[in-house]
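The structure displayed is predicted, hence computed values, not measured ones.
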Amino acid sequence: MNGLYLPQRLSRRGFIQTAAAAGAALMLPGSVRAAAAAPASPDLSGMPGVGAVGAGPKTPLVFGHRGASALRPEHTLASYAKAIADGADYIEPDLCSTRDGVLVARHEAFLSETTDVASHPEFASRKTRKTIDGETHEGWFVDDFTLAELKTLRAVERLPQYRPGSARYDGMFQVLTFEEIIDFTAAEAAARGRIIGLVPELKHSTYFASVGLPLEDRFLSILAAHDYTRRNPVEIQSFEVANLKYMRGKLGQRANLRLMQLVIAENVRPMDVAAAGGTLTFAQMCTPAGLRDIAQYADVVAPPTRALIPLKKDGSLDKPSSLVDDAHKVGLRVEPWTFRPENHFLAADFRNNAGDTARNEAGSIAEIKRYIATGMDGFFTDDPALGRAALA
């Protein structure tokens, strides 16, 4: 088992920051008193701290966005397996809650675009209309289904017009629970002899709390229940603020954990801020003062890629912004989202003449290289093999 932890490999890639305090106990809502009474467990991860941001050699981390979602239906075992095989340092499960309180991997609560639920007549009466995080959809939603019911569905490709190769896998794979993903990741790490991190995102926290299905304590319980997540790299993401502050209060500083504040760099409020009547916007969070505030509770800021290098009016890349330097000055890592390999999603500089929906590997690699030059510390990509090629 100890052979999994590869401290030299982890140190070279910069998985852990010097400030992380090894051996801090994972605090669970239902076990705080017991944990406090017990002696602190030694850090068994074998992952020493490394230099702070900007110190020593750096290799940006490759995050498999929903797995290898350019090539397989997102959030499936096939997608995660492909991401790992193609060299992802971390894989990403976005987490929503079922009606019976189980955390499952779906990019959002809306099921209609990523499963075959519409073809199940037994669920026709579940079709409804909901507004979640400001977006209104008509269809089927995770929190209206039990886990057993979700397991009868099968995943489908969300963007078949851009990803027909992935769409060939439609109908083959189940909806996964977070615990199934942890076990799969641990098994892959054991088989491959290398650490694979997890970068889970808590989706729609304010919404799920409003319907009696809060995510946070369930999530913490799962982290504590699995040896793999107690010892190995986990970066916890959210577009909301209060849940990350709650996580920091419960988890403290641990050698294997980082908290990632997702932002959109626009004049829009995080959902928890809006629900509480606050005025803070994502645009304010991306200013030097806002980044200093984020650094009080998080380790990473994760903006969209175009916040690092914006686009000109013609769709080509402009000059880099100061966001990377501003974040590094306050000790935050910068890990933007998301690089996609189809012409439609590339900056105009990197598109070829194969058509808007065409896959363009060379263009994607070249675009990622341009962003790596900004000094970012990691990045999300729908195609980890291309992300790894850009680092070569």
Side-chain angles (χ1 to χ4, degrees), residues 27-30 66 74-75 92-115 117 123 126-151 153 155 158 174-182 198-225 229 234-251 259-264 268-278 280 282 297-298 302:
M27 302 304 287
L28 289 173
R66 312 175 202 173
E74 65 188 44
H75 295 310
E92 180 199 36
D94 294 325
L95 301 178
C96 295
S97 179
T98 66
R99 189 173 68 189
D100 47 349
V102 180
L103 298 188
V104 295
R106 291 290 90 193
H107 172 58
E108 56 188 0
F110 188 53
L111 290 171
S112 303
E113 294 178 344
T114 60
T115 72
V117 62
F123 298 133
R126 307 278 179 91
K127 189 175 183 179
T128 188
R129 189 178 184 85
K130 295 187 182 186
T131 299
I132 300 176
D133 290 3
E135 294 190 5
T136 301
H137 293 291
E138 184 172 340
W140 291 263
F141 296 83
V142 169
D143 51 307
D144 293 327
F145 290 77
T146 65
L147 176 63
E149 290 170 336
L150 281 183
K151 284 292 188 180
L153 308 181
R158 186 174 61 90
Q174 293 183 342
V175 174
L176 296 172
T177 70
F178 183 36
E179 293 197 87
E180 288 170 339
I181 294 167
I182 294 171
L198 287 161
V199 55
E201 181 184 347
L202 300 179
K203 301 293 295 192
H204 313 311
S205 275
T206 294
Y207 168 76
F208 279 114
S210 75
V211 296
L213 294 167
L215 306 177
E216 290 73 24
D217 288 346
R218 291 180 176 88
F219 175 78
L220 288 169
S221 296
I222 292 169
L223 287 189
T229 48
V234 178
E235 293 202 16
I236 304 166
Q237 320 171 62
S238 180
F239 278 104
E240 299 190 16
V241 177
N243 56 3
L244 289 179
K245 290 182 177 179
Y246 181 80
M247 291 286 156
R248 181 61 80 202
K250 292 295 182 182
L251 296 169
L259 300 185
M260 178 189 292
Q261 178 66 68
L262 295 162
V263 295
I264 60 174
V268 175
R269 293 176 293 173
M271 288 308 301
D272 59 316
V273 173
L280 179 69
F282 286 116
Y297 62 88

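- Counting all heavy atoms, side chain and backbone alike, Ala109 lies closest to Cys96 at N-SG, 3.7 Å.
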| field | Working for side chain to side chain contact (heavy atoms under 4.5 Å, CB included), residues Leu259 and Ile236 | value | CA-CA 5 Å; Leu259 300 185; Ile236 304 166; 3.8 Å; yes
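- Taking the six-membered ring where tryptophan is involved, the planes of His204 and Phe208 are tilted, since the angle between them lies from 30° to 60°.
- Between atom CZ of residue Phe145 and atom CZ of residue Arg99 there is a gap of 8.5 Å, rounded to the nearest 0.5 Å.
- A heavy-atom distance below 4.5 Å is found between the side chains of Leu198 and Ile182.
- One finds the CE atom of Met247 at 14.5 Å from the CE atom of Met260 (value rounded to the nearest 0.5 Å).
- If you take CD on Glu108 and CG on Asp133, they are separated by 9.5 Å, rounding to the nearest 0.5 Å.
- Taking 4.5 Å as the limit, every side-chain heavy atom of Leu150 sits out of range of all side-chain heavy atoms of Val102.
- Ion pairing between Asp272 and Lys245 fails under the 4.0 Å rule for side-chain N and carboxylate O.
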| said: Show, in sequence, the C-alpha distance, side-chain angles and deciding distance for Met271 and Ile132, and conclude whether the side chain to side chain contact (heavy atoms under 4.5 Å, CB included) test is met. | reply: CA-CA 10 Å; Met271 288 308 301; Ile132 300 176; over 6 Å; no
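- Only one option out of His75, His107, Glu113, Glu74 pairs with Arg158 in a side chain to side chain donor-acceptor pair (under 3.5 Å); it is Glu74.
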| request: Just do the side chain to side chain contact (heavy atoms under 4.5 Å, CB included) check on Glu240 and Leu244 with the steps written out, would you? | output: CA-CA 7 Å; Glu240 299 190 16; Leu244 289 179; over 6 Å; no
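- Looking at heavy atoms from C-beta onward, Leu215 lies out of side-chain contact with Asn243 at the 4.5 angstrom threshold.
- Contact check for Asp144 versus Phe123: no side-chain heavy atoms found under the 4.5 Å cut-off.
- For the pair Arg129 and Thr136, the minimum side-chain heavy-atom distance is below 4.5 Å.
- Looking at every heavy atom in both residues, Leu111 comes nearest to Phe141 through CD1-C, 3.7 Å.
- Note on ring orientation: taking the six-membered ring where Trp is involved, the planes of Phe282 and Phe239 are perpendicular (angle over 60°, cut-offs 30° and 60°).
- Ring orientation note: the planes of Phe178 and Phe219 are close to parallel, at an angle under 30° on the 30°/60° scale.
- Side-chain polar atoms of Glu92 and Gln237 form a donor-acceptor pair below 3.5 angstrom.
- Here the side chains of Pro200 and Asp94 are not in contact, with every heavy-atom distance at 4.5 Å or above.
- Ionic pairing of Glu216 and Lys250 is not present here: no N-O contact between side-chain nitrogen and carboxylate oxygen is shorter than 4.0 angstrom.
- Annotation: side chain of Asp143 is in contact with side chain of Lys130 (closest heavy-atom distance under 4.5 Å).
- Here the CD1 atom belonging to Ile222 is positioned 10.0 Å from the CD1 atom belonging to Ile181, to the nearest 0.5 angstrom.
- Counting heavy atoms from C-beta on, the side chains of Leu213 and Arg218 come closer than 4.5 Å.
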